[in-house]
Asker: 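Dropping a structure here in structure tokens format, bear with me for questions.
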Amino acid sequence: MTADEEEDPLASIVAGSVTALTFLVGFGLMFVGVPYFWVAFPVGFGGLLPAAMGATRLYQRRREADGPTSEDDPLATLRDRYARGELSDAEFERQVERLLETEDAETVRDPSPPDSSSPAVEPDRETE
């Protein structure tokens with residue numbers, strides 16, 4: 001197995017499901033007495049399984065190509081919270097500055113409520 005073919009839980013679930021379905025249909029047809037029950041095996045393992053695995057890989061590539069989600073991007077998370085009104089202007093600016101200084105998502109997460117006594121930080125203005 002190469003590095004590109006690492007064990008993927010979604011691929012394992014799809015492969016297991018298609019295999020189980022193929023066996024269920026093939027042996028079910030045999031049990032019912034259909035003379036061409038054996039056709040289910042080449043169709044399932046030769047057609048359906050490769051198609052399902054290809055669709056799974058395509059789905060994963062497209063999902064990775066979409067880029068990081070807001071859960072992966074702390075700045076996007078802050079913007080979402082600010083847009084929903086969970087953060088005040090001052091708290092938003094303070095956390096953005098902290099994020100930009102440290103580039104660490106863990107230091108941005110501050111469970112304490114916004115401090116109304118802290119002054120708003122205005123990065124565009126310089127003190128004289």
Side-chain angles (χ1 to χ4, degrees):
M1 188 180 305
T2 65
D4 294 336
E5 298 173 350
E6 293 176 2
E7 194 63 31
D8 180 31
L10 180 61
S12 298
I13 291 170
V14 169
S17 299
V18 171
T19 301
L21 180 66
T22 301
F23 280 129
L24 182 67
V25 169
F27 289 125
L29 290 173
M30 183 180 75
F31 180 73
V32 175
V34 176
Y36 295 105
F37 71 91
W38 58 269
V39 174
F41 296 107
V43 169
F45 292 122
L48 187 59
L49 184 60
M53 295 307 293
T56 302
R57 288 191 182 112
L58 179 65
Y59 167 75
Q60 290 173 332
R61 283 189 200 132
R62 286 188 178 173
R63 187 170 169 189
E64 289 172 0
D66 287 342
T69 61
S70 63
E71 295 171 357
D72 297 336
D73 185 13
L75 186 57
T77 303
L78 279 177
R79 287 182 183 143
D80 290 343
R81 290 181 61 200
Y82 179 70
R84 287 192 304 261
E86 295 176 10
L87 298 175
S88 66
D89 292 342
E91 182 68 13
F92 174 74
E93 290 175 6
R94 184 181 66 79
Q95 288 192 9
V96 166
E97 285 203 6
R98 183 186 296 171
L99 175 65
L100 294 176
E101 286 175 1
T102 62
E103 294 291 330
D104 184 14
E106 294 301 317
T107 59
V108 173
R109 295 188 184 118
D110 187 7
S112 62
D115 186 13
S116 59
S117 64
S118 64
V121 177
E122 295 180 342
D124 295 332
R125 296 186 182 176
E126 294 182 13
T127 57
E128 295 181 16

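Counting begins at 1 with the first residue of the sequence.
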Asker: Between Trp38 and Pro35, what is the shortest heavy-atom contact and its length?
Answerer: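 Scanning both residues completely, I find the closest heavy atoms to be CD1-O, 3.9 Å.
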Asker: Which atom pair, heavy atoms only, marks the closest approach of Val14 to Ala52?
Answerer: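 Taking every non-hydrogen atom into account, CG1-CB, 3.7 Å.
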Asker: Check whether any side-chain heavy atom of Gln95 sits under 4.5 Å from a side-chain heavy atom of Arg81, and report yes or no.
Answerer: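 In contact.
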Asker: What are the two closest heavy atoms between Ala40 and Thr22, and how far apart are they?
Answerer: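 Nearest heavy atoms, Ala40 then Thr22: O-CG2, 3.6 Å.
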Asker: For the pair Phe23 and Phe27, name the ring-plane relationship: parallel under 30°, tilted 30 to 60°, perpendicular over 60°.
Answerer: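 Phe23 vs Phe27 ring planes: parallel.
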Asker: Using a distance-only test with no angle check, is there a side-chain donor-acceptor pair under 3.5 angstrom linking Gln60 and Glu64?
Answerer: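 No, no side-chain donor-acceptor contact under 3.5 Å.
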Asker: Roughly how far, to the nearest 0.5 Å, is CZ of Phe37 from CG of Leu29?
Answerer: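 Reported to 0.5 Å precision, the distance equals 9.0 Å.
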Asker: Please tell me whether Ile13 and Leu24 are part of a single hydrophobic cluster in this structure, the criterion being side-chain heavy atoms less than 4.5 Å apart.
Answerer: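 Unlinked, Ile13 and Leu24 end up in two clusters.
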Asker: Flag yes if more than 12 heavy atoms outside Arg84 fall under 6.0 Å of its CZ atom; otherwise flag no.
Answerer: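 Yes.
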Asker: Do Leu58 and Arg62 come close enough that some side-chain heavy atom pair is under 4.5 Å?
Answerer: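 When only atoms from C-beta onward are counted, Arg62 and Leu58 do touch, with a gap below 4.5 Å.
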Asker: Side chains of Leu48 and Val43: closer than 4.5 Å at any heavy-atom pair?
Answerer: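 Of all side-chain heavy-atom pairs linking Val43 with Leu48, none is under 4.5 Å.
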Asker: Any chance you could measure Met53, atom CE, to Ser12, atom OG, to the nearest 0.5 Å?
Answerer: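 Met53 CE to Ser12 OG: 7.5 Å, rounded to 0.5 Å.
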Asker: To the nearest 0.5 angstrom, please state how far the CE atom of Met30 sits from the CZ atom of Phe41.
Answerer: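 Reported to 0.5 Å precision, the distance equals 7.0 Å.
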Asker: So Tyr82 and Asp89, do their side chains get closer than 4.5 Å, heavy atoms only?
Answerer: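 Touching, per the 4.5 Å side-chain cut-off.
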Asker: Roughly how far, to the nearest 0.5 Å, is CG of Leu78 from CD of Glu93?
Answerer: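 Going from CD on Glu93 over to CG on Leu78, the span is 12.0 Å.
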Asker: What do you reckon, is OH of Tyr59 surrounded by more than 12 foreign heavy atoms closer than 6.0 Å?
Answerer: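 It does not: Tyr59 OH has 12 such atoms or fewer within range.
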Asker: Does Phe45 form a side-chain contact (heavy atoms from CB on, under 4.5 Å) with Val18? I'd like the steps, not just the answer.
Answerer: CA-CA 8 Å; Phe45 292 122; Val18 171; 6.0 Å; no
